[in-house]
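In what follows, a structure is listed as structure tokens, so that the remarks can point back to it.
All chains are named by letter (A, B, ...) in the order of the sequence lines, taking the proteins before the strands, and each is independently numbered beginning at 1.
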Amino acid sequence: MVPKFIVDEFTKALQAIGINDTSKLRFEEPKNQDFGDYATSVALILSKELRKNPREIANSIVEKLNFDNKLVEKVTIDGPGFINLKFTSYFYGQELERIYQLGDDFGKSNLGKGLRANVEYVSANPTGLLHLGHGRNACIGDSIANLYSWLGYEVTREFYFNNAGKQMTNLARSIYARYRQLLGEADFPFPEDGYFGDYIKDIAQELIEKYGNSLIPETPENLEICKKFGEEWCFDKIRKTLAKLKIFHDTFYNEDSLYRNKKIDEVIAIFCEKNLVYEKDGALWLALTKLGLNEERVIVKSTGEPTYRLPDIAYHREKFLRGYDLIIDIFGADHIATVPDVLAGIRALGFDDQKVKVVIHQFVTLMENGVQVKMSKRSGRSYTLDELIEEVGPDVVRFFFLMRSVSSHLEFDLNLAREHSEKNPVFYLQYAYARICSIFDTAKERNIKFDENSPTDCLNLPQEINLIKLQRMFPKIIETAALKFEPQILSDYLYDIATAFHTFYHDCRIIGSPEPILSARFKLARVTQRILKNGLTILGVDAPERM
RNA sequence: GCGCCACUAGCUCAGUUGGAUAGAGCAUCAGCCUUCUAAGCUGAGGGUCACAGGUUCGAGUCCUGUGUGGCGCGCCA
């Protein structure tokens, strides 16, 4: 974040040369360190409207700048007209002190103060076990929820529980068929579009243990028992799997409650009132073309059952009625097509669909020994999330699912994930944290104390300054990762800060250094420790004190 | 046929609302442990940013078209 005094001084300088619109004043951190700590291309941008050589403009701006030379070491004009600033080590020392004093509040902001956000994620049907796609969804959603908490939002973590409709009927029929088969009728027909996974047999077996053969009559009541039993079984498994990843939702919103509480009917009534529905071929259609879309869609089938769109719209309406300022949905790429329909429905109901942010993540492919592990839902032979957690541990699962940008396909390398070495980025980060903890442990053992009031402006080595520079970025990283819905920005950053610390650790000793270097480096280590701990926590990864 | 996503080093991926010499990890090669954890550090090689146009002081980034791959396009969710 650009220090305020820099922006203020540039604003004054621009006004002094007659530029009152300072919206073009932008700063960036040059990739090349030779160009200093901050650069602005404002002179290049202004050159067009002023019809003057950018270097000339830069010169006239720089002439008006008046910085405290205790803070700013030099101001230069380079290349086509960039103005580059370099700070003094005194400035960085002050920054370290400021950050250190903030403690665990460093990185938090009040952007979302007084606002409420709802993050909906996982939302798997209770018809089976979680697979890897759900895993990615869960990790992205949970980290985004954490990020928004850091922005000051009051966050609700929500799971939409799709326990109504055809899929549930299908589950009931699948369980029932396995039940009959297990009771001796080996050729009892299995539904063609049923759930083929082995877990259905486990459910049926438990059903036998509980009910014996009393469910054999193929009645609606018995199928309902199969359905409820299956739903609860799957729900229980899903929650246990998520718990292994330390993911806990605040609210499980049941789809069937939308029916029980007449929310579906209310929405239909509103649509009717607004003249947005009509009957055709025995079904009820939503006039989406009146709402700016290309195609009309059925919302109530000729059988009388709603399609998924209607409860989805009703559910989002409920979220608005519950008073959220920000509604975030985490969906897999296969749900992309439904988004415009739901948003259009929400608009039609009179809500501001700008408050809804839909995060679409791409798919996961599992790689082992350089070849793709096939995941077939149909055969039921898919790799479950549970199995993956069992195999590589929750920390690796969470980090791996977050280290690619949401919109990119994610290749999950099992071999790398299994590796407990420096090749595995999770351990690289955790190791940096454990090393810092170890320094403080050693200091305690040797009774080495550091002075809280000792000045920090004695640090001037590149390894030290580089670390402080990265530390300063933490709040901006949190904010950007949140606003762009990209936890990967944070995981990349943490990797960078771990690298900067490892380099510092290798080249600079803390214990054994003379004061005031000793105390200043202790503070440097403490700040790094907090950033790693808090950053990893946002990502849902443990920060072990020893490895 | 239409929509969304992707295409950057051998592989997996970053690339800050258009900026200066396009980066990291893995892999390959060469070095560094009497020291607070070597699960670490340092260095080297490796590029037609899929392709072709366009916009401008400047394009991996924005626009148009083409190609390749993934996911969708149902009275399934």
Side-chain angles (χ1 to χ4, degrees), chain A residues 26 28-32 34-35 39-41 44-45 47-48 53-54 78-82 84 123-125 127 162 165-167 170 193 255 280-285 294-295 297-309 311-312 332-340 360-363 365 367 370 403-413 416 419-428 430-432 434-443 445-446 448 473 476-477 480 484 488-489 492 495-496 498-499 501-513 521 525 546-547:
Chain A
R26 296 288 158 77
E28 61 184 274
E29 289 160 47
K31 296 168 208 156
N32 189 333
D34 298 343
F35 295 133
T40 177
S41 59
L44 292 154
I45 293 164
S47 74
K48 193 170 184 183
N53 181 312
D78 298 296
F82 290 98
N84 295 321
S123 296
N125 291 356
T127 55
N162 237 298
K166 193 179 164 190
Q167 300 300 327
N170 209 347
D193 53 352
E255 182 186 1
K280 194 177 91 181
D281 306 328
L284 195 65
W285 293 70
N294 293 327
E295 259 178 302
R297 301 285 182 187
V298 170
I299 54 170
V300 181
K301 299 181 233 175
S302 53
T303 59
E305 294 174 281
T307 66
Y308 64 89
R309 281 182 195 87
D312 275 5
D334 52 341
H335 281 65
I336 184 95
T338 79
V339 174
I360 300 283
H361 65 85
Q362 294 296 314
F363 277 42
T365 49
M367 300 294 283
M403 68 183 189
R404 299 293 175 239
S405 74
V406 164
S407 60
S408 290
H409 289 247
L410 188 147
E411 196 161 293
F412 196 108
D413 184 342
L416 179 61
E419 187 118 23
H420 283 235
S421 76
E422 79 284 358
K423 290 173 195 166
N424 191 324
V426 182
F427 297 110
Y428 183 84
Q430 292 182 326
Y431 184 56
R435 266 184 153 178
I436 297 172
C437 294
S438 168
I439 295 168
F440 285 104
D441 285 349
T442 305
E445 273 168 33
R446 299 188 195 170
I448 296 164
M473 292 167 67
K476 190 73 188 168
I477 293 290
T480 308
K484 294 177 90 168
Q488 172 261 329
I489 290 172
D492 269 12
Y495 196 92
D496 288 345
T499 300
F501 182 79
H502 283 311
T503 302
F504 162 79
Y505 180 91
H506 183 265
D507 295 344
C508 312
R509 295 191 60 77
I510 296 178
I511 294 171
S513 296
R521 286 185 177 168
R546 286 171 208 284
M547 286 177 77

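Checked by distance alone, A/N84 brings a side-chain donor or acceptor within 3.5 Å of a matching partner on the base of B/rA20. Contact annotation: side chain of A/R546 to base of B/rU37, donor-acceptor pair absent below 3.5 Å. Donor-acceptor pairing under 3.5 Å, judged by distance alone, is absent between the side chain of A/Y431 and the base of B/rA39.
When the nucleotides B/rG72, B/rU12, B/rA20 are ranked by their closest atom to the side chain of A/A337, B/rG72 comes out on top. Among the nucleotides B/rC41, B/rA77, B/rC36, the one closest to any side-chain atom of A/H506 is B/rC41. For A/S405, whose side chain is taken as the heavy atoms from C-beta onward, the closest listed nucleotide among B/rU37, B/rA77, B/rA14 is B/rA14. Across B/rU37, B/rC71, B/rA14, the shortest atom-to-atom separation from the side chain of A/R435 is found for B/rU37. Minimum atom distance to the side chain of A/Q488 is reached by B/rG15, of the listed B/rG15, B/rG19, B/rA77. With B/rC36, B/rC41, B/rG19 as the choices, the nucleotide that has an atom nearest any side-chain atom of A/D507 turns out to be B/rC41. Ranking B/rC13, B/rA14, B/rC57 by closeness to the A/L44 side chain, first place goes to B/rC57. In the set B/rU37, B/rA77, B/rA14, the nucleotide with an atom closest to the side chain of A/S438 is B/rU37. Nearest to the side chain of A/P30, among B/rA20, B/rU12, B/rC76, sits B/rA20. Out of B/rU35, B/rU42, B/rU37, the shortest distance to the side chain of A/T503 is found at B/rU42.
Straight-line distance between the C1' atoms of B/rU21 and B/rG53: roughly 27 Å, to the nearest whole Å. Rounded to whole Å, the C1' atom of B/rA52 lies 11 Å from the corresponding atom of B/rG67. The gap from the C1' atom of B/rG69 to that of B/rC26 amounts to 23 Å, rounded to the nearest Å.
Take A/D441 and apply the side chain to side chain donor-acceptor pair (under 3.5 Å) test, not counting sequence neighbours, and it matches A/R546.
One finds a side-chain N or O of A/Y428 lying less than 4.0 angstrom from the OP1 or OP2 phosphate oxygen of B/rC41. Put simply, A/K423 has a side-chain N or O that comes within less than 4.0 Å of OP1 or OP2 on B/rA27.
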key: Verdict with supporting geometry, A/T307 and A/R297, side-chain hydrogen bond (donor to acceptor under 3.5 Å, both in side chains)   = CA-CA 9 Å; A/T307 66; A/R297 301 285 182 187; over 6 Å; no

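Base pairing in RNA chain B gives the following stems of 3 or more Watson-Crick or G-U pairs, range against range and under 3.5 Å: B:1-7 with B:67-73, B:10-13 with B:23-26, B:28-32 with B:40-44, B:50-54 with B:62-66.
Under the 4.5 Å side-chain criterion, counting only non-hydrogen atoms from C-beta, A/I360 is not in contact with A/H335.
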Anything under 3.5 Å between a protein N or O and an N or O of nucleotides 2-5 of chain B, put it in a table, one pair a line.
residue: B/rC5; atom: O2'; partner: A/S407; partner atom: O; Å: 2.5

